[in-house]
2 protein chains.
Amino acid sequence: MMNLTFKQLRYFEALAHHAHFGRAAAACSISQPALSVQIKELEQQLNAILFERGARQVRLTVFGEALALRVRDILRSVDELEDLARASRDRLVGRLRIGIIPTIAPYLLPAIIKELSRTHPGLDIHVRETLTQKLIQELTDGRIDAAVVALPVSEPSLNEVQLLSEKFVLVRPATDAGKPVPDRAALQEMKLLLLEEGHCFRDQALSFCNIRSAQPREGLDASSLTTLVQMVGAGMGVTLLPEMAVEVETRSTEVAIASFKDPQPSRTIGMIWRNTNPLGRELLRISDVVREAINPPRSR
Amino acid sequence: MMNLTFKQLRYFEALAHHAHFGRAAAACSISQPALSVQIKELEQQLNAILFERGARQVRLTVFGEALALRVRDILRSVDELEDLARASRDRLVGRLRIGIIPTIAPYLLPAIIKELSRTHPGLDIHVRETLTQKLIQELTDGRIDAAVVALPVSEPSLNEVQLLSEKFVLVRPATDAGKPVPDRAALQEMKLLLLEEGHCFRDQALSFCNIRSAQPREGLDASSLTTLVQMVGAGMGVTLLPEMAVEVETRSTEVAIASFKDPQPSRTIGMIWRNTNPLGRELLRISDVVREAINPPRSR
DNA sequence: GTTCATCATAAGAACAGGTTATTGCTGTCA
DNA sequence: TGACAGCAATAACCTGTTCTTATGATGAAC
């Protein structure tokens with residue numbers, strides 16, 4: 001036994017409307033016998049007579065009338081599917097779940113969200129802030145759509161685009177302001193305060209100092225850059241800070257900022273997403289918006 | 001360009017549910033390639049990607065999710081169509097529009113409706129009371145489904161079944177109670193009060209008296225049997241009354257009832273409907289119910 | 001590197017659904 | 001009343017869709 005078909009319902013609707021096989025068939029752009037057969041088929045499927053064929057007129061039966069009401073709704077719903085597809089084809093709509101690491105989030109997120117809301121109104125933006133490794137896991141699991149992290153990630157299943165590069169600066173107690181800037185070797189001798197395990201920024205800082213991450217260190221790891229700066233201000237040591245964080249984190253704390261001499265430490269921030277994600281093009285545009293948001297226009 | 005298909009939506013729903021082409025295909029009892037092709041087809045129709053094909057998992061896109069919700073509703077609505085058909089297959093449901101002539105309605109309608117309500121609960125009964133000719137017109141126009149009239153109607157497009165036969169009795173002023181019952185010839189000499197033009201009962205009475213309807217008569221026609229009896233009670237003449245009306249109409253009026261000698265006048269009441277009406281079987285059952293309602297069981 | 005899992009593609013087979021031609025019925029009109 | 005006209009059902013045939021099985025491609029796991 002075959003199943004109901006949209007065609008049958010559309011033909012049925014036409015016949016209910018025209019009450020005439022020939023005209024209904026014409027309205028459906030098919031021949032009259034084709035319509036007859038399909039209506040008959042539909043009646044057999046439903047095991048009910050839908051039309052009363054009089055000598056000179058075709059009339060809906062009581063059941064046919066009841067059916068016509070529902071069929072109309074169904075067909076309209078189907079039409080709406082196509083409308084829905086057409087509407088969401090052009091612009092990205094619906095939900096965008098974006099992940100971002102903690103050493104970026106506080107400084108870039110406001111600008112990103114502001115700009116995305118402007119360029120993609122109606123987009124439902126969800127933000128997840130956690131460590132790179134977790135973000136990658138959530139990305140591959142499909143729990144988020146994209147993430148802003150430090151590159152490179154080097155996951156073959158993930159697409160990555162660069163957003164910006166930024167230097168790291170040295171943060172030391174305000175009393176050290178005048179002293180010469182240490183080089184990488186000198187830095188190894190100083191008390192370097194770092195984020196706890198898992199933050200990529202920790203690894204980048206260690207890497208700059210030529211210190212292997214596995215090397216045991218005393219338990220002075222902080223859980224945020226804010227804490228790090230506070231610790232420096234308290235004279236507990238020195239630390240590195242990405243440039244974007246400087247303004248926010250040193251605003252109310254007495255510390256001294258110094259740029260390194262070449263080779264300057266730095267990190268590259270980028271956006272990543274599953275390369276299987278069919279919204280790739282949209283995400284690329286999203287990344288452009290984000291880049292625009294965080295790289296202030298040159299005119300200023 | 002082809003149109004959307006129910007199959008595609010069902011396949012889509014299955015794949016959205018299983019998130020696995022092979023298992024979804026099995027659930028649909030088709031091969032995996034068939035499912036792949038249909039999903040691809042659906043995506044082309046909607047010009048949107050519905051699933052993100054990862055290496056090890058299939059996942060709905062944002063749009064796919066939005067679609068899945070609507071598709072589910074649509075498919076459930078379609079399933080309900082079949083339920084609806086199945087439910088209305090057995091018993092007559094919905095609306096029954098029944099016509100009945102004025103010389104029957106007051107006497108039989110209460111019993112008919114009572115019995116129909118008992119045997120066909122949930123049936124929405126509409127009643128139309130008017131002359132036979134109008135009923136026939138409305139029947140062929142599809143404005144009513146069946147009618148209770150005096151037979152024969154002799155419309156080839158209408159089905160008719162008998163319900164009962166009943167005699168006509170003579171109604172004359174109470175003062176005439178003892179007088180001999182006139183025969184047809186004597187009746188012609190009396191002042192015979194009749195219903196107005198159009199009532200079949202008028203024609204039947206005239207026919208009994210061998211008077212041609214076209215014959216001019218003074219303007220004493222009444223519009224209801226009640227009025228006729230009142231006129232007889234007032235001494236304006238005599239009239240005929242179908243048996244079923246006797247009890248109701250003479251209850252509070254001083255008139256004398258007399259049966260005719262053979263050949264007694266009578267009429268046959270029947271039910272008629274379009275013979276193209278697919279509910280013919282149901283209507284036959286309805287007629288049985290009606291017959292049962294108006295012919296009191298023999299046991300009493 | 002090999003194997004496994006999984007989806008896409010290809011080619012042939014089966015079938016649904018279309019067409020035109022024809023039949024059959026009914027009501028209309030001369 | 002008999003020929004005709006209108007209309008739906010049926011028949012015969014044809015075509016395009018949509019299955020099936022077989023095979024290819026690709027990424028993940030061992």
Side-chain angles (χ1 to χ4, degrees), chain A residues 1-12 14-16 18-45 49-60 136-137 140-141 154-159 274-278, chain B residues 1-12 14-16 18-45 49-60 136-137 140-141 154-159 274-278:
Chain A
M1 166 190 167
M2 237 283 298
N3 248 328
L4 284 191
T5 305
F6 271 132
K7 279 186 191 170
Q8 290 171 349
L9 295 191
R10 295 204 184 278
Y11 295 173
F12 167 72
L15 184 54
H18 288 100
H20 186 287
F21 278 76
R23 284 190 280 277
C28 296
S29 305
I30 58 172
S31 64
Q32 170 264 314
L35 185 86
S36 280
V37 169
Q38 288 304 316
I39 294 295
K40 187 181 172 189
E41 183 76 11
L42 179 62
E43 287 180 325
Q44 285 179 355
Q45 312 256 328
I49 298 182
L50 304 176
F51 293 95
E52 179 184 336
R53 280 86 155 165
R56 209 142 203 82
Q57 51 189 341
V58 174
R59 213 188 340 260
L60 275 173
I136 291 176
Q137 185 61 49
T140 54
D141 287 353
S154 301
E155 280 282 333
S157 68
L158 297 182
N159 228 327
R274 293 182 301 279
N275 47 27
T276 59
N277 192 329
Chain B
M1 166 188 165
M2 238 281 299
N3 248 328
L4 284 191
T5 305
F6 270 134
K7 279 186 191 172
Q8 291 171 349
L9 295 192
R10 296 207 183 275
Y11 295 173
F12 167 71
L15 184 55
H18 288 100
H20 186 287
F21 277 76
R23 282 189 281 277
C28 297
S29 305
I30 58 171
S31 65
Q32 170 265 315
L35 185 86
S36 279
V37 169
Q38 286 305 316
I39 293 296
K40 187 181 173 189
E41 182 76 13
L42 180 61
E43 287 179 325
Q44 285 180 355
Q45 312 257 327
I49 298 181
L50 303 176
F51 294 94
E52 179 183 336
R53 280 85 155 165
R56 208 144 203 80
Q57 52 189 340
V58 174
R59 211 188 341 260
L60 276 173
I136 291 176
Q137 186 60 50
T140 53
D141 287 352
S154 301
E155 280 282 334
S157 67
L158 296 182
N159 228 328
R274 294 183 300 279
N275 47 27
T276 59
N277 193 328

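Letters go in sequence order (proteins before strands), and every chain restarts at 1. Reckoned from all heavy atoms, side chains included, excluding hydrogens, waters and symmetry mates.
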**Prompt:** B:E41 has an atom CD; how far is it from atom C1' of D:dC19, in whole Å?
**Reply:** 14 Å
**Item:** Exercise: identify the closest heavy-atom pair between B:L15 and B:I39
**Value:** CD2-CG1, 3.8 Å
**Request:** Starting from P on C:dG17, measure out to CZ on A:F6 and report it in whole angstrom.
**Result:** 14 Å
**Item:** With sequence neighbours excluded, residues passing ring-ring contact (aromatic ring centres under 6.0 Å, His included) with A:F12
**Value:** A:F51
**Message:** Mind checking if B:Y11 touches a base, just sugar-phosphate, or nothing, with heavy atoms under 4.0 Å?
**Reply:** sugar-phosphate
**Euclidean distance, atom CG of residue B:L42 to atom P of C:dA8 [Å, nearest integer]** = 13 Å
**Request:** Looking only at non-hydrogen atoms, find the nearest pair between A:A19 and A:V58 and report the distance.
**Result:** CB-O, 3.3 Å
**Prompt:** Is there a side-chain contact between A:N3 and B:F6 (heavy atoms, below 4.5 Å)?
**Reply:** no
**Request:** Encode nucleotides 21-29 of chain C as B, S and - characters from 5' to 3', where the letter depends on protein heavy atoms closer than 4.0 Å: B to the base, S only to sugar-phosphate, - to neither.
**Result:** B----SS--
**Item:** Criterion side chain to side chain contact (heavy atoms under 4.5 Å, CB included) on B:R274 and A:R59, from CA distance to verdict
**Value:** CA-CA 12 Å; B:R274 294 183 300 279; A:R59 213 188 340 260; 3.2 Å; yes
**Item:** For atom CG of B:N3 and atom P of C:dG17, their distance in whole Å
**Value:** 13 Å
**Item:** Residue A:H20, side-chain atoms from C-beta onward, closest of C:dG17, D:dC19, D:dA8
**Value:** D:dA8
**Request:** Determine: side-chain N/O of A:S31 to OP1/OP2 of C:dG18, distance under 4.0 Å, yes or no.
**Result:** no
**Message:** What is the distance, to the nearest angstrom, from the CD1 atom on B:I39 to the P atom on D:dC19?
**Reply:** 11 Å
**Distance test, side-chain N/O of B:K7 to OP1/OP2 of D:dT17, below 4.0 Å** = no
**Request:** Could you check how far CZ of B:R10 sits from C1' of D:dT18, rounded to whole Å?
**Result:** 17 Å
**Prompt:** Under 4.0 Å between a side-chain N or O of A:S36 and OP1 or OP2 of D:dA9?
**Reply:** yes
**Request:** Ignoring backbone atoms, test whether A:K40 places a side-chain nitrogen or oxygen under 4.0 Å from the OP1 or OP2 oxygen of D:dA8.
**Result:** no
**Prompt:** What's the shortest heavy-atom distance between B:A24 and B:H18, and which atoms?
**Reply:** CA-ND1, 3.7 Å
**Asked** For A:Q38, which of A:R10, A:K7, A:Q8, A:E43 qualifies under side-chain hydrogen bond (donor to acceptor under 3.5 Å, both in side chains)?
**Response** A:Q8
**Fill in**
Note: for A:I30 and B:R53 on DNA chain C, the residue whose nearest nucleotide lies more 5' is B:R53
**Spacing of A:Q45 atom CD relative to C:dG17 atom C1', expressed in whole Å** = 13 Å
**Prompt:** Between B:E52 (CD) and C:dT6 (C1'), how many Å, whole number?
**Reply:** 15 Å
**Message:** On the nucleotide C:dA16, are OP1 or OP2 found under 4.0 Å from the side-chain N or O atoms that A:Q38 carries?
**Reply:** no
